[in-house]
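What follows is a short report on a single structure.
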Number of protein chains: 2
Amino acid sequence: MTKPSPAARERIVAGAADMISRRGLNATSIREMAKHARAPLGSTYHYFPEGKQQLATEAVRHTGEWVARRLRKELEAGPVAGLRAFLALWRKIVVDSDFRAGCPVLAVSIEEPPTGETPPAVVAAADVFTEWESLLSASLREHGAGREEAAQLATLVVAAVEGTVAMCRAKRSIEPLDRAAEQLRALILATIKD
Amino acid sequence: MTKPSPAARERIVAGAADMISRRGLNATSIREMAKHARAPLGSTYHYFPEGKQQLATEAVRHTGEWVARRLRKELEAGPVAGLRAFLALWRKIVVDSDFRAGCPVLAVSIEEPPTGETPPAVVAAADVFTEWESLLSASLREHGAGREEAAQLATLVVAAVEGTVAMCRAKRSIEPLDRAAEQLRALILATIKD
DNA sequence: CTCTGGCTATAACAGCCGTCATAGTCTAAC
DNA sequence: GTTAGACTATGACGGCTGTTATAGCCAGAG
């Protein structure tokens with residue numbers, strides 16, 4: 001092996017996730033992803049032989065796991081702390097990028113493929129959403145929420161965050177996220193029983 | 001004039017909104033929009049001399065007003081009825097398209113332009129979100145909700161719907177929307193005072 | 001009838017797209 | 001010191017992109 005650089009591969013994935021979160025999947029070219037990661041175009045097809053779809057899939061999973069790790073850790077202190085961390089995480093992304101970046105998982109979800117089948121990247125996006133919901137839902141149940149109640153609330157939290165992030169980008173303001181946050185916090189407090 | 005067709009222009013706008021809601025803005029070419037509306041490419045630049053940005057802007061506004069009209073009408077029966085109609089509207093779009101269509105306003109919101117300035121289509125998207133929120137918020141206040149409370153809840157509803165629609169598309173399931181709907185309904189009932 | 005002007009048809013432009021193929025480089029193991 | 005194989009460099013392919021220009025049509029106004 002040339003370099004001990006499995007770092008190159010990961011750099012490409014992380015860069016792809018960032019670019020997709022800003023411009024969407026279809027508007028992000030492989031050439032730009034490569035350049036953004038300071039990797040040659042050839043390397044892209046070396047690491048990801050299945051091309052753009054594979055790269056997108058891995059970018060989605062990369063983001064999904066990164067968020068899930070953070071969420072898992074913060075949820076140890078309870079659902080309210082978990083929610084706060086979840087909100088803070090996205091708030092930072094939106095604000096630090098000057099309202100230019102969002103969630104790559106959402107971006108991939110809303111770009112229909114020409115084909116009739118569900119592309120792997122969209123399947124990965126669905127899995128990521130489900131995992132985030134599961135983490136929140138489990139924590140809510142541990143704190144006294146009913147099964148159905150917990151599932152509904154978890155879905156609402158994920159959906160509301162994804163939605164507000166997009167609204168914040170359109171409005172060039174963090175207000176939507178902060179407003180929804182208030183309601184979500186109150187709702188969780190009213191749902192858990194301790 | 002050749003035809004008494006001011007219909008052509010509107011057909012292009014409506015078609016553009018539909019295509020953008022499925023594939024995103026950047027992945028939808030002007031040629032495809034024209035073909036989808038059975039209009040010649042030349043007509044596109046005749047009706048929309050400022051090109052793709054103008055077409056996207058009008059598509060966003062078209063969708064925004066269409067939804068706002070429906071919302072305004074149903075809100076006459078109160079916030080709960082308004083919410084139900086809002087949810088039903090998006091539910092129909094998602095289900096009827098077999099999870100392939102979503103919201104063009106969201107799609108436009110999350111595709112950053114290369115330039116430093118906010119493109120007109122994104123500004124239009126922000127305005128649309130604000131209008132939907134205003135309608136909901138006003139109705140909530142008419143039914144006893146406080147100013148801040150109403151604004152927060154209105155933002156949460158819009159964000160949650162936009163988010164769930166995307167989640168439904170990724171998962172190829174209507175469940176996320178229906179789950180969030182339950183929570184939103186309960187939340188509104190608990191907030192209004194009559 | 002002529003003529004005007006909204007609309008269409010067609011072609012061209014420069015440039016980027018995803019993908020592939022090839023030849024080359026350079027390190028680590030033998 | 002040789003060799004294998006992971007990585008890079010380069011260039012090409014057909015096709016699609018947004019946009020513009022130009023010439024043509026064809027209904028209604030005068």
Side-chain angles (χ1 to χ4, degrees), chain A residues 1-17 19-20 22-60 107-108 111-115 117 119-122, chain B residues 1-17 19-20 22-60 107-108 111-115 117 119-122:
Chain A
M1 239 181 258
T2 317
K3 276 182 277 186
S5 64
R9 215 192 110 106
E10 201 177 295
R11 229 175 39 232
I12 296 175
V13 173
M19 298 190 74
I20 291 171
R22 292 169 188 264
R23 318 206 266 212
L25 176 55
N26 287 310
T28 305
S29 76
I30 293 199
R31 267 170 257 254
E32 286 172 315
M33 296 189 211
K35 187 190 278 187
H36 184 272
R38 279 187 300 290
L41 175 60
S43 297
T44 307
Y45 282 92
H46 174 76
Y47 291 118
F48 313 95
E50 289 163 56
K52 198 177 187 180
Q53 270 297 324
Q54 184 183 359
L55 194 32
T57 304
E58 301 215 15
V60 166
V108 164
E111 309 207 10
E112 178 195 63
T115 89
E117 287 143 46
V122 173
Chain B
M1 240 181 254
T2 317
K3 278 182 278 186
S5 64
R9 216 192 108 105
E10 201 177 296
R11 228 175 40 233
I12 296 175
V13 173
M19 298 190 73
I20 292 171
R22 292 169 188 264
R23 316 206 267 210
L25 176 55
N26 287 310
T28 305
S29 75
I30 293 199
R31 267 170 257 255
E32 286 172 316
M33 295 188 210
K35 188 191 277 187
H36 184 273
R38 278 187 299 290
L41 174 60
S43 297
T44 307
Y45 282 93
H46 174 75
Y47 290 118
F48 312 96
E50 289 164 57
K52 199 178 186 180
Q53 269 298 323
Q54 185 184 359
L55 194 31
T57 304
E58 301 214 16
V60 166
V108 164
E111 309 207 10
E112 177 194 65
T115 88
E117 287 143 47
V122 173

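Every chain is numbered from 1 and lettered A, B, ... according to where its sequence line falls, protein lines coming before strand lines.
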Would you tabulate the nitrogen or oxygen pairs shorter than 3.5 Å linking the protein to nucleotides 13-23 of chain C?
residue, atom, partner, partner atom, Å
C:dC17, OP1, A:Ser29, OG, 2.8
C:dG18, OP1, A:Ile30, N, 3.4
C:dG18, OP1, A:Lys52, NZ, 2.9
C:dG18, OP2, A:Ile30, N, 3.0
C:dG18, N7, A:Arg31, NH2, 2.3
C:dG18, O6, A:Arg31, NH2, 2.8
C:dT19, OP2, A:Tyr45, OH, 2.9
C:dT19, OP2, A:Lys52, N, 3.0
C:dT19, O5', A:Tyr45, OH, 3.4

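One can place CZ of A:Arg38 at 18 Å from P of D:dC7, the figure rounded to the nearest angstrom. In this structure, NE2 of B:His46 is placed 13 Å from P of C:dA9, rounded to the nearest angstrom.
In this structure the side chain of A:Pro120 never reaches within 4.5 angstrom of the side chain of A:Gln54, judged on heavy atoms. Residues B:Glu58 and B:Ile12 form no side-chain contact, since every pair of their non-hydrogen atoms from C-beta on lies 4.5 Å or further apart. Side-chain contact between A:Val13 and A:Tyr47 is absent, with no heavy atoms from C-beta onward closer than 4.5 Å.
Not a single donor-acceptor pair under 3.5 Å links the side chain of A:Arg22 to the backbone N or O of B:Glu112.
Applying the salt bridge (charged side-chain N to carboxylate O under 4.0 Å, His left out) test to pairs two or more places apart or on separate chains, those with a residue in residues 25-43 of chain A are A:Arg23-A:Glu32.
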